[in-house]
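First the structure, in the form of structure tokens, and then the observations on it.
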2 protein chains.
Amino acid sequence: MSPKTPPGQTRDQIFRFVRERLFEGLPPTVREVQQAFGFKSVQTAREHLETLVAEGRLTKAAGLSRGYRLAEGLALPAMALVPLLGQVQAGELTTAVEEPEGYIPVPSRQAAEGMFALRVRGRSMIDAGILPGDLVLVRRQSAAEPGDIVVALVEDEATVKRLRRRNGRLELHPENPEFFPIVPEPGALVILGKVIEVRRHLEGMPVYD
Amino acid sequence: MSPKTPPGQTRDQIFRFVRERLFEGLPPTVREVQQAFGFKSVQTAREHLETLVAEGRLTKAAGLSRGYRLAEGLALPAMALVPLLGQVQAGELTTAVEEPEGYIPVPSRQAAEGMFALRVRGRSMIDAGILPGDLVLVRRQSAAEPGDIVVALVEDEATVKRLRRRNGRLELHPENPEFFPIVPEPGALVILGKVIEVRRHLEGMPVYD
DNA sequence: TTGCTTACCAGACAAATGTGTGCTATGCAA
DNA sequence: TTGCATAGCACACATTTGTCTGGTAAGCAA
């Protein structure tokens, strides 16, 4: 008999194994789990799987081959592609087509709704750790809180700045002492969205389109 | 016998059915195809499936249940999860499991091979735009080029620094004037991998585990 | 006609796979 | 000790599932 492992440890690995296989598109059979973990009996694998079902981490379709699935809530993050906009044109950006340069994958279909991506061009945000060439993922919204990093429309160009409130009005502040804050006329500030993620690829990044 | 349909028409619909099922995560069995299309014989479904394989639209793993897959090139862009390692222990990090804190989704299965992720803890790389709390995605490799940002092992702790060559030896340089370079004994430098991506989530990020 | 192809059916067999019963061994707590 | 839980094993059985052999019927071209 194989040595006994600490309680739950093997089961965690089995859970990840099943999830991995689901990612690849083909759920494992009980015997595939058995072989993957070197169990000498099918039943050992089966008991672990059934325990995972009882724990609510897996679900199963009884009788079906390869019937184990991830439980609700643990579902695989389905990938979605967010458009990488190049030139952000005048107006509202809401006009359907802005000639995306490509598409950025995000791990949640839901989160991708109403998102777009931009490539940062200036050095005005380097103290916030946002460098030229970085990608910012932006959720579209026309308002934001002071302190948020936002994408705003300044003279028909999209710019990334931190939103600040000063003297009762909203301003766009760079995070680089070499740059000056932008003080829009009251009511003239057009916010395109809020930056919710920053990505920097130091090595070749696959482009989707 | 059911009425005979025009050549290829039923087969196209079977292809779409299989693709749909693959997208949902559970490839169909031959008999499930049979029932979905109301065939009175298993063999009818089987012949269509085998024809799709012969046409190069599907592939199959013979003998396996639910063994039909989409052919190369027709596959969906698949995501993979990269382990987010918390404490990087001594030694080589190559020991199988290091108690991942979670898993980070990356958009390519292939790229995920041999990768891991770390959460940055210090402020030593802020001038490179790497802030505390940022995630770095690392490809495992034991050597790197000067100029690369690497993860190296310093006194049993993983640290992110830029690799530099000075006076003929490799050093680990921070990107923050408040910190000093680390000068390992020649030959004592343990490189765990190269940083290939930096991510910062400014808003709640889903954690997978 | 003949011959060929495609679409479909019937029934059987064998391999893959899910499931059940009974067992050993270890650790822990009452 | 007893009792209980977890980890694992052996073996059998039934269902699911892939596979095979042989058939019918319709359309089309030589």
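The sequence lines fix the lettering, A, B, ..., with proteins before strands; numbering per chain opens at 1. Values below: all heavy atoms of this structure, side chains included; hydrogens, waters and symmetry mates excluded. Being a predicted model, the structure only gives us computed values, none of them experimental.
- Here B:F17 pairs with B:F37 under the ring-ring contact (aromatic ring centres under 6.0 Å, His included) rule; sequence neighbours left out.
- Among residues at least two apart or in separate chains, side chain to side chain donor-acceptor pair (under 3.5 Å) pairs with a member in residues 127-136 of chain B are B:D134-B:R200.
- For A:Q34 and D:dC9, the CD to P distance is 9 Å, given to the nearest whole Å.
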So B:R166 and B:E171, salt bridge (charged side-chain N to carboxylate O under 4.0 Å, His left out) or not? Walk me through it.
-> CA-CA 7 Å; B:R166 205 170 57 172; B:E171 302 180 351; 3.2 Å; yes
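- Listed pair B:H48 / C:dC8 meets the phosphate criterion, a side-chain N or O lying under 4.0 Å from OP1 or OP2.
- Distance CD (B:E55) to P (C:dT5): 16 Å, rounded to an integer number of Å.
- Partners of B:E50 according to the salt bridge (charged side-chain N to carboxylate O under 4.0 Å, His left out) rule, which considers only residues two or more places apart in sequence or in another chain, are B:R46, B:K60.
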Base versus backbone protein contacts along nucleotides 14-21 of chain D [heavy-atom cut-off under 4.0 Å; B, S, -] = --SBBBBB
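- Listed by chain and residue number, nothing satisfies the side-chain hydrogen bond (donor to acceptor under 3.5 Å, both in side chains) test with A:Q34 (two or more places apart in sequence, or in another chain).
- Here B:S41 does not reach the OP1 or OP2 of C:dA10: none of its side-chain N or O atoms lies under 4.0 Å away.
- Considering only residues two or more places apart in sequence or on other chains, A:E175 meets the side-chain hydrogen bond (donor to acceptor under 3.5 Å, both in side chains) condition with A:R162.
- When rounded to the nearest whole Å, the span between NZ of B:K40 and P of D:dT24 equals 17 Å.
- Per the geometry, CZ belonging to A:F39 stands 13 Å off P belonging to D:dA10, to the nearest Å.
- Rounded to an integer number of Å, the gap from CG of A:L58 to P of C:dG18 is 13 Å.
- To the nearest angstrom, P of D:dT6 lies 15 Å from CD1 of A:I14.
- Protein atom CZ of A:R11 is 11 Å distant from nucleotide atom C1' of D:dA5, rounded to whole Å.
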